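Below is one structure, written out as structure tokens, with a few remarks after it.
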Amino acid sequence: MRNQLRGSVKINAQGKHLYKFINKIHNERIYCFEQYVKGGTFCAEIYRHDLKRLKAIAEDYGIELKSFEYDTFSSEVIRRRGRIGIIIGLVLVIAASLYFSGVIVTIDIQGNEKVSDMAILTALEEMGIEEGTPFGQINYVWSENQLRLMVNGISWAGMHRTGHRLVVEVTEIVEKPEMLNERMPCNIVASHDAYITYTSVLDGQLMKKVGDYVLAGDMIVSGVTSDATGHITLHHALADITGIYDESVTFEGSFTKERLIQTGKTDTRRILKLFSLDIPLYLGQNKYEYKECEETEKPLVIMEKKLPISVKKEYFSELQRIETTLTEDELFNELMKKVYLYEQNFLSECTILESEVVQEKTDDKMILTVNYKLEGSICEKKEIMAK
């Protein structure tokens, strides 16, 4: 460590007055270590700052002096002292290390499920606690109580520092489960005009049987029953009734349509994010009237730790608004895509027995009417209004 900081030089000295030279450097109190004489050559190591004096003594005694400096930290600093970029970088690293060691770099929220991180971070920001806030300015007890009062749904909050992180632990309020009245007296009526293909009654009295044709609104399962004595009981009717029914859906589209297409022009903007501050690294504004934007963000990582410093890139692609005319096949394919999405989203619990697509077109649009024959549940609950 001594040699790394002060710098050491290896010397070899030869000459007629070698021992007078050795005595002289000892008298001058030039510190030599690892010294020895072999084959008429004096070998030793000295500190770098003594080399100039040693050269002057060697010249006085006619000594041939050779020197070699070891690679040390101090020698590297001296060798690169003219490279201002390294010096500035070193100063910035030291300054950043000192700064980040005393401020909040990241806020880690733990224990929340229903309460969002954004709600907690917003409350902390209102209390003056955010990325970049010095740890010494935080009143932990007061902040914990304020956080519990400011954010609905939190019953307890705790904060502590872990390195450069502020860890916020919360416990949420356990609410009473909502009591749903699922036993409200009701009948089951038909939701479609249909042929009944299957019945399974869990509660209530079945009014129709398999093979019957029912109209929409007809009662299938009654929630009112009576015994031999005339005593009436109200039930929450439960049943699984399946039927075959028809359904029609209409989709339409225009032959003339405005579209946005890429022109090939692009623009890249960079933004330096320092904590919650965005610093633009560009001049002017993007003047594309219509555009697509794609964002990427790369944080600064030191020793596998993400710092709240990152560079965000925004890639803009210019779009042009043009009016296009679709062919019959192109418009038909677009409408069929809508038909497919409708079937996936609304008919997924039914069985499609038959489907017929009827196409109509005018001068400016096309209409598709899809006639389905479906098999599925036809149950619809209807509350019994009793006094």
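Everything numeric here is computed off the predicted structure, so don't read it as measured data.
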### Query
What closest approach, in Å, do I107 and E130 show between heavy atoms, and which atom pair accounts for it?
CD1-CA, 4.0 Å
### Message
Is the ring pair F21/Y61 parallel, tilted or perpendicular, if the boundaries are 30 and 60 degrees?
### Response
perpendicular
### Query
Taking C-beta and beyond as the side chain, do E169 and H160 meet within less than 4.5 Å on heavy atoms?
yes
#### Entry: Side-chain heavy-atom pair L368, Q359 within 4.5 angstrom cut-off
yes
### Query
By the rule that ILVMFWY residues connect when side-chain heavy atoms come within less than 4.5 angstrom, directly or transitively, which residues belong alongside Y315?
none
### Message
Are M159 and L147 packed together at the side-chain level, in the sense that at least one heavy-atom pair is separated by less than 4.5 angstrom?
### Response
yes
## Note on the structure
With sequence neighbours left out, the residues meeting ring-ring contact (aromatic ring centres under 6.0 Å, His included) with Y140 are none
### Message
Taking the side chain as everything from C-beta on, heavy atoms only, tell me whether D267 gets closer than 4.5 Å to Y282.
### Response
no
### Summary
Closest non-hydrogen atoms of C379 and S191, given as atom of the first, atom of the second and distance, are N-OG, 4.2 Å
### Message
Please check if the number of heavy atoms outside Y288 that lie under 6.0 Å from its OH is greater than 12.
### Response
yes
#### Entry: Exercise: do T263 and E318 side chains pair donor with acceptor under 3.5 Å
yes
### Query
Is I378 close to V214 at the side-chain level, that is, under 4.5 Å between some pair of heavy atoms?
yes
Scan the side chains in residues 334-345 for donor-acceptor partners under 3.5 Å anywhere in the protein, sequence neighbours excluded, and list what turns up.
from, atom 1, to, atom 2, distance (Å)
E334, OE2, R259, NH2, 2.9
Y342, OH, E247, OE2, 2.9
E343, OE2, Y372, OH, 2.7
N345, ND2, L341, O, 3.1

Throw together a table of side-chain donor-acceptor distances under 3.5 angstrom for residues 110-124, partners on residues two or more places apart or in other chains.
from, atom 1, to, atom 2, distance (Å)
Q110, NE2, D108, OD2, 3.1
N112, ND2, V115, O, 2.8
N112, ND2, D117, OD1, 2.6
S116, OG, A119, N, 3.2
T122, OG1, M118, O, 2.7

### Message
Which heavy atom of S310 sits nearest to which heavy atom of E297, and what is that distance?
### Response
OG-OE2, 2.8 Å
### Query
Which hydrophobic side chains are connected to I367, either touching it within the sub-4.5 Å cutoff or through other members that do?
none
### Message
Just to verify, what does H192 make a ring-ring contact (aromatic ring centres under 6.0 Å, His included) with, not counting sequence neighbours?
### Response
Y245
### Task
Go through the structure and list residues passing ring-ring contact (aromatic ring centres under 6.0 Å, His included) with Y198, not counting sequence neighbours.
none
#### Entry: Least distance between heavy atoms, A13 atom then I63 atom
CB-CG2, 3.7 Å
### Query
Heavy-atom distance under 4.5 Å between the side chains of E34 and C43, does that happen here?
no
#### Entry: From D363, L331, D364, T362, residue fulfilling side-chain contact (heavy atoms from CB on, under 4.5 Å) relative to F255
L331
### Task
Verify, without hydrogens or angle tests, whether S155 (side chain) and T171 (backbone) share a donor-acceptor contact under 3.5 angstrom.
yes
### Query
Roughly how far, to the nearest 0.5 Å, is the CD atom of E258 from the CZ atom of R321?
4.5 Å
### Query
How close do N371 and V358 get, heavy atom to heavy atom, and via which atoms?
ND2-CG2, 3.8 Å
### Summary
On a heavy-atom basis, the closest approach of G128 and T133 is O-OG1, 3.2 Å
For residues 52-60, which side-chain donor-acceptor pairs fall under 3.5 Å, sequence neighbours excluded?
from, atom 1, to, atom 2, distance (Å)
R53, NH2, E28, O, 2.7

#### Entry: Side-chain heavy atoms of V9 within contact of D50, under 4.5 Å
no
### Query
How would you list, by chain and number, every residue that makes a side chain to side chain contact (heavy atoms under 4.5 Å, CB included) with L149, sequence neighbours excluded?
Q146
### Message
I'd like to know if the side chain of T327 pairs up with that of D329 as donor and acceptor (distance under 3.5 Å, no hydrogens or angles considered).
### Response
no
### Task
Working to the nearest 0.5 Å, report the span between NE2 of H236 and CD of E383.
10.5 Å
### Query
So which residues get pulled into I173's cluster when ILVMFWY side chains under 4.5 Å apart are joined, directly or through others?
none
### Query
Should M150 and M127 count as side-chain neighbours, where that means a heavy-atom distance under 4.5 Å?
yes
### Message
Restricting to side chain to side chain contact (heavy atoms under 4.5 Å, CB included), what partner residues turn up for E314, sequence neighbours left out?
### Response
R269, I271, C293, E295, K312, F316
### Members besides I261 in its Ile/Leu/Val/Met/Phe/Trp/Tyr cluster (side-chain heavy atoms under 4.5 Å)
I322
### Query
Does the N145 side chain pair with the main chain of W142, one donor and one acceptor, at a distance under 3.5 Å?
no
